[in-house]
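Structure first, commentary second.
So that the names make sense, note that chain A is the first sequence line, chain B the second, and so on, each numbered from 1. The model shown is predicted, which means the values in this text are computed figures rather than measured ones.
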4 protein chains.
Amino acid sequence: MPRTEEQFSEMREKTKQKILENALLLFAEKGFKGTSINDIAKSAGISKGLAYNYFKSKYDLMISVLKLIEEEFSRLLIALNNENDPYKKLTLMITLTIEMLQRDEKFWSLYMNFAFQSEVKEEAQNLMGDSLKILFNLIEKIFVEVGVKNPVEESKILGAILDGISFHYIIEKEKYPIDKVKTYLLQKYSKSELSKSILQE
Amino acid sequence: MPRTEEQFSEMREKTKQKILENALLLFAEKGFKGTSINDIAKSAGISKGLAYNYFKSKYDLMISVLKLIEEEFSRLLIALNNENDPYKKLTLMITLTIEMLQRDEKFWSLYMNFAFQSEVKEEAQNLMGDSLKILFNLIEKIFVEVGVKNPVEESKILGAILDGISFHYIIEKEKYPIDKVKTYLLQKYSKSELSKSILQE
Amino acid sequence: MPRTEEQFSEMREKTKQKILENALLLFAEKGFKGTSINDIAKSAGISKGLAYNYFKSKYDLMISVLKLIEEEFSRLLIALNNENDPYKKLTLMITLTIEMLQRDEKFWSLYMNFAFQSEVKEEAQNLMGDSLKILFNLIEKIFVEVGVKNPVEESKILGAILDGISFHYIIEKEKYPIDKVKTYLLQKYSKSELSKSILQE
Amino acid sequence: MPRTEEQFSEMREKTKQKILENALLLFAEKGFKGTSINDIAKSAGISKGLAYNYFKSKYDLMISVLKLIEEEFSRLLIALNNENDPYKKLTLMITLTIEMLQRDEKFWSLYMNFAFQSEVKEEAQNLMGDSLKILFNLIEKIFVEVGVKNPVEESKILGAILDGISFHYIIEKEKYPIDKVKTYLLQKYSKSELSKSILQE
DNA sequence: AATGAATGAGACTTCATTCAT
DNA sequence: CATGAATGAAGTCTCATTCAT
């Protein structure tokens with residue numbers, strides 16, 4: 001007696017996830033070109049051929065992985081949208097970014113990795129460029145709300161800080177004082193501190 | 001009339017440079033794995049075989065390219081060391097970073113690209129990690145000199161800003177308001193502004 | 001109410017026929033190597049696995065398809081044997097060949113296709129070679145009966161005409177004036193015309 | 001010291017020919033799909049990879065092989081155009097076709113083979129369809145000149161005879177009385193016999 | 001009897017590297 | 001010093017076949 005449709009669907013879903021997860025990790029670690037389907041298959045504990053039962057090409061698999069990143073971005077945006085107070089929004093943005101960075105380090109590694117791989121660039125930009133733009137706009141809007149003088153420039157700077165920190169953290173990992181920096185950043189962009197200088201008085 | 005030894009040596013140097021330059025451009029554009037020796041040879045106007053006369057392997061060529069990046073870093077450091085006034089040092093660091101970013105965009109693209117490719121990572125870190133550390137230390141030292149309250153954290157933040165801006169500029173290029181951001185940053189880290197808040201009073 | 005043995009057997013036969021028909025069509029269209037078991041299964045509306053329930057291998061399936069062609073030949077031979085008058089036999093041979101060509105174009109396409117594929121060649125020859133020989137002999141016998149001067153050579157020529165026409169029709173299909181040629185051929189091999197020249201007098 | 005351009009060119013030409021020849025033989029024997037690049041490389045005594053130095057894909061190689069066939073056709077047409085007398089033209093066409101069939105059997109095998117391979121069909125028709133049309137037209141023109149009553153139909157018949165004979169010869173080879181048939185055909189289409197019936201008077 | 005997930009061999013293709021000249 | 005033909009390993013992808021359910 002054949003398996004039910006549901007059983008098959010479950011099997012498929014499970015295997016597909018396994019492939020995606022391992023592809024994400026490996027792409028993040030070794031880049032798109034540097035990762036072979038064989039690598040992914042072995043890492044996922046399946047045969048090379050099976051990967052093609054789920055993704056019609058390595059490229060297609062990459063696009064699916066990109067969509068995972070997009071979803072991660074979406075989760076960030078949704079969480080931010082649930083917060084109305086602009087100061088809390090700022091705090092949340094910093095907290096979430098760094099938390100996600102620590103938790104899903106590979107996501108960010110992949111995100112940055114993909115951003116510089118020409119085979120991926122266009123798709124990466126189509127899929128992620130919007131998220132970046134939305135994020136910039138969001139920061140800008142917050143800055144307008146709280147009364148920052150140069151919201152456009154300041155949004156670029158906060159954006160740069162967040163991605164710059166991610167960049168350094170991914171590169172240096174164990175050596176980077178991520179928690180210290182996070183605490184400091186939260187304070188710096190806190191309501192009470194936003195009006196003070198970074199210099200001693 | 002046979003060429004003198006010196007002439008030969010000069011030719012060799014010239015050919016080597018041509019290979020390195022083209023390798024740099026192509027690695028930056030298409031990644032390490034995405035660039036073939038043939039691509040590089042064609043781009044440099046020489047034969048595949050000749051490239052192996054100058055570099056014993058593709059890997060070796062990559063290491064040499066990495067050294068070019070290191071030299072670029074060195075030039076930045078040397079320029080900074082020639083300046084004693086800490087405020088001017090800060091200004092110079094921002095100016096030079098962004099100027100180099102615009103002028104030698106490919107350097108940075110490659111730098112970031114390599115930073116995420118595991119075949120390259122270790123070497124990239126060995127060669128560039130130190131530079132990064134030196135830069136962080138330099139910023140920290142400047143901040144100490146001018147009396148910033150939290151020099152360690154602030155150095156991480158300025159470092160993040162500079163690399164974050166580079167990151168966004170490389171990704172968005174034509175759309176990114178690099179000049180506006182540069183001007184703003186210079187003002188923000190100027191002697192007169194370092195003591196003011198980013199909020200309207 | 002459980003099905004009777006006979007009903008089961010009938011179902012099996014029906015499924016088998018469905019597979020064979022679709023295999024024939026696809027082999028004819030895309031060649032043996034160009035057709036996958038999956039293609040056939042999908043086309044027949046069954047699962048890949050089930051196809052192996054009926055044919056132990058793709059090769060085995062192909063042999064079964066070849067047998068279908070053999071049967072088609074047999075039908076032609078049987079129809080011819082039912083006719084005694086040699087002139088009518090000739091007419092019938094031409095009519096039937098061209099009718100079958102138009103009706104079961106795929107049969108012929110496959111027949112010719114298989115004739116040139118070495119994986120299939122031996123079997124194709126074993127199975128079809130005899131039919132061809134029988135047909136040649138039959139034509140020869142007819143020509144002897146009606147008093148053709150060189151029955152051996154003329155039988156090769158009529159054989160060549162029939163297969164040549166099939167060849168051109170399959171290749172050119174819509175452009176080939178099959179009906180005109182058929183009419184002309186029937187006249188040319190008609191009792192009354194067999195004694196006249198093909199030149200104007 | 002590097003080889004001269006001429007030396008390289010010679011090497012290339014020689015290897016390319018070797019590949020083409022072996023590809024022709026193997027495609028003719030085992031079909032396009034049935035022949036692997038590895039088969040061809042081994043048969044040509046070169047490495048798999050080298051084949052791609054000469055043909056950018058298996059498909060491209062096939063097209064080149066098709067062009068060889070086209071050239072063979074051209075040679076036939078050119079030889080025919082050098083003859084003005086229509087009767088001699090007919091004789092020549094029959095002679096040449098059968099001579100080429102015997103000499104370059106693989107060409108014809110491939111020609112027929114390709115005509116039924118869907119991966120090849122379109123190209124085969126583009127490249128060979130014209131030749132076929134030209135040949136039909138040529139025969140028709142000859143028949144008009146010599147005063148055949150139904151030149152269109154008779155040209156289809158002679159065309160069918162020639163391709164039908166080729167077909168049977170390729171399939172049966174050693175068993176097929178090709179010389180007998182050739183002699184008979186030459187007589188049948190000779191000036192003196194064209195006005196007589198194929199029946200005993 | 002029936003399904004389609006899974007395997008593994010083998011096909012096409014690319015490319016770093018070697019080498020004869 | 002310089003060339004590009006040639007190799008072979010490795011990568012992408014396909015597909016006949018098996019098998020658990």
Report each atom pair, protein N/O against N/O of nucleotides 17-19 of chain E, whose distance is under 3.5 angstrom.
{"residue": "E/dT17", "atom": "OP2", "partner": "B/Y52", "partner atom": "OH", "Å": "3.0"}
{"residue": "E/dT17", "atom": "OP2", "partner": "B/K58", "partner atom": "N", "Å": "2.7"}
{"residue": "E/dT17", "atom": "O4", "partner": "B/K48", "partner atom": "NZ", "Å": "3.3"}

message = Base, sugar-phosphate or nothing for A/E5? Non-hydrogen atoms, less than 4.0 Å.
response =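 No contact at all - A/E5 keeps every heavy atom at 4.0 Å or more from the nucleic acid.
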Calculate the interatomic distance between [X] atom [atom1] and [N] atom [atom2]; express it in whole Å.
| X | N | atom1 | atom2 | result |
| --- | --- | --- | --- | --- |
| A/E10 | E/dG4 | CD | P | 16 Å |
| A/L50 | E/dA9 | CG | P | 16 Å |
| C/L61 | F/dA16 | CG | P | 11 Å |
| D/L26 | E/dA11 | CG | P | 13 Å |
| D/M11 | F/dA5 | CE | C1' | 5 Å |
| C/I46 | E/dA1 | CD1 | P | 12 Å |
| D/D39 | E/dA9 | CG | C1' | 15 Å |
| B/I19 | F/dC1 | CD1 | C1' | 12 Å |

ask   = Are B/K33 and A/F32 in a cation-pi setup, meaning NZ or CZ lies under 6.0 angstrom from the ring centre and within 45 degrees of the ring axis?
value =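 Here B/K33 fails the 6.0 Å and 45° test against A/F32.
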ask   = What is the distance from atom CG of C/L26 to atom NZ of C/K106, rounded to the nearest 0.5 Å?
value =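 Nearest 0.5 Å value for the CG-NZ distance: 9.5 Å.
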message = Whether the side chain of D/N53 engages the backbone of D/L50 through a donor-acceptor N/O pair (distance < 3.5 Å, no angle test) should be reported.
response = no
Qualifying residue, where the test is side chain to side chain donor-acceptor pair (under 3.5 Å) with C/S43 and the options are C/N22, C/T35, C/N38 = C/N22
message = Consider side chain to side chain donor-acceptor pair (under 3.5 Å). Of D/E13, D/E21, D/K14, which one does D/Q17 pass it with?
response =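 With D/Q17 as partner, side chain to side chain donor-acceptor pair (under 3.5 Å) holds for just one option, D/E13.
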Earlier contact from the 5' end, DNA chain F, for B/T15 and D/S47 = B/T15
ask   = For D/L24, which residues count as a side chain to side chain contact (heavy atoms under 4.5 Å, CB included) partner, sequence neighbours excluded?
value = D/V65, D/F107, D/L110
query = According to the interplanar angle, ranging from 0 to 90°, do the rings of A/F114 and A/F27 count as parallel (below 30°), tilted (30 to 60°) or perpendicular (above 60°)?
reply = tilted
message = Regarding C/S57 and C/D60, do their side chains bring together a donor and an acceptor under 3.5 Å, going by distance alone?
response =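 Not at all, the side chains of C/S57 and C/D60 share no donor-acceptor pair under 3.5 Å.
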query = OP1 or OP2 of F/dG4 sitting under 4.0 Å from any side-chain N/O of D/R12?
reply =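 It does not, given that no N or O in the side chain of D/R12 lies less than 4.0 Å from OP1 or OP2 of F/dG4.
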ask   = For the residue pair A/G34 and A/D39, what are the closest heavy atoms and their distance?
value =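 Taking A/G34 first and A/D39 second, the nearest heavy atoms are O-OD2, 4.0 Å.
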request  = Could you tell me, to 10°, how much the axis swings from one end of the helix from E/dA2-F/dT21 to E/dT21-F/dA2 to the other, five pairs per end?
outcome  = 10°
query = Taking for each residue the nucleotide of DNA chain E bearing the nearest heavy atom, is the 5' side occupied by A/Y54 or by C/N53?
reply =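 That would be C/N53.
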message = Reading DNA chain E from 5' onward, which residue's closest nucleotide shows up sooner: A/K33 or A/S9?
response =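 It is A/S9 whose nearest nucleotide is closer to the 5' end.
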